[in-house]
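Following: one structure in structure tokens, then a few remarks.
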Amino acid sequence: LTGFSRAISLVQKQQADLVLAVTAEDGQHLLLSAQPMDADQVLMVSQAGFRLPGPLLQLTPAQLAELRLGWDQGYNYGAALGLRVTGYKVQDARQGLEMVSKGRLQLYLAEQADLALPAVQLLVRQLDLQQQQLMQLPVYAGFSKSERGHLLKKQWDHNVELLRHTGQLQKFYQRYPDLLVPAD
């Protein structure tokens with residue numbers, strides 16, 4: 001288990017109360033906050049000139065099965081995006097980019113912030129890779145399905161709505177611009 005999947009597992013087992021930044025797919029066995037708390041900007045990275053037979057999220061299962069896809073181990077983007085294919089789980093962006101460059105992966109799915117690091121962008125240019133925005137994936141606060149989890153979720157949702165109503169939530173997101181309010 002990765003650190004993140006272990007955190008989800010602990011909340012599912014009610015050995016912890018809360019895990020942050022959970023996709024709806026990963027949070028199936030949790031109570032999710034009423035509103036997303038952030039969003040992952042998912043990008044596709046491929047060799048220059050690589051073309052899909054259509055939009056990735058609209059490919060048939062047979063078309064998807066022919067692709068060599070990968071994503072960072074902790075993100076579980078295949079399931080989160082509904083691709084229902086087995087993908088190669090890479091340790092970090094550097095490994096994913098190098099695998100694309102060497103043809104071991106056709107597409108590497110990554111979170112924009114992970115690709116925005118200067119050293120990673122330099123590697124993208126050096127390897128002559130192309131990036132394309134795929135989608136914005138909402139992430140939630142996840143709570144255990146326990147009495148305490150229900151109470152924490154209720155308090156979280158109430159406080160978020162109160163912050164939204166008073167304008168403080170907007171100020172919070174302005175103060176932390178790396179957090180994204182997911183598109184509705």
**Report entry** Side-chain touch Leu64/Leu56, heavy atoms, less than 4.5 angstrom
**Finding:** yes
Query raised in the report: More than 12 heavy atoms of other residues, nucleotides or ligands under 6.0 Å from CD of Glu147: is that the case?
Result: no
Query - Side-chain touch Asp114/Asp92, heavy atoms, less than 4.5 angstrom - result: no
Requested in this report: Answer yes or no: is there a donor N or O on one side and an acceptor on the other, between the side chain of Gln136 and the main chain of Asp40, under 3.5 Å?
Outcome: no
Query raised in the report: So do the side chains of Leu57 and Leu83 get within less than 4.5 Å of each other, counting heavy atoms only?
Result: yes
Query raised in the report: Which residues, ordered by chain and number, are linked to Leu43 in its hydrophobic cluster, where ILVMFWY side chains connect at heavy-atom gaps below 4.5 Å, directly or through other members?
Result: Val45, Tyr88, Val90, Leu97, Met99, Val100, Leu105, Tyr108, Leu115, Leu117, Val120, Leu123, Val124, Leu127, Leu129
Requested in this report: Return the minimal non-hydrogen interatomic distance between Val19 and Phe4, and the atom names on each side.
Outcome: CG2-CE1, 4.0 Å
**Report entry** Contact summary for Gln73 and Gln91, nearest pair of heavy atoms
**Finding:** OE1-NE2, 3.3 Å
Report task. Could you tell me which non-hydrogen atom of Leu20 sits nearest to which non-hydrogen atom of Leu18, and how far apart they are? Result -> CD2-CD1, 4.0 Å
**Report entry** Donor-acceptor contact present, side-chain Arg68 to main-chain Gly103, <3.5 Å
**Finding:** yes
Report summary line: When every non-hydrogen atom of Ser144 is compared with those of Ala16, the smallest separation belongs to CB-O, 3.7 Å
Query raised in the report: Are any of the side-chain heavy atoms of Glu111 and Gln41 separated by less than 4.5 Å?
Result: yes
Query - Heavy-atom pair with the smallest gap, counting every atom of Leu137 and Tyr77 - result: CD2-CE2, 3.8 Å
Report task. Treating Ile, Leu, Val, Met, Phe, Trp and Tyr as nodes and any side-chain heavy-atom pair under 4.5 angstrom as an edge, say whether Trp156 and Tyr173 lie in one connected cluster. Result -> yes
Query raised in the report: Which pair of heavy atoms, one from Gln14 and one from Lys145, lies closest together, and at what distance?
Result: NE2-O, 2.7 Å
**Report entry** Heavy-atom side-chain contact between Val22 and Val11 under 4.5 Å
**Finding:** no
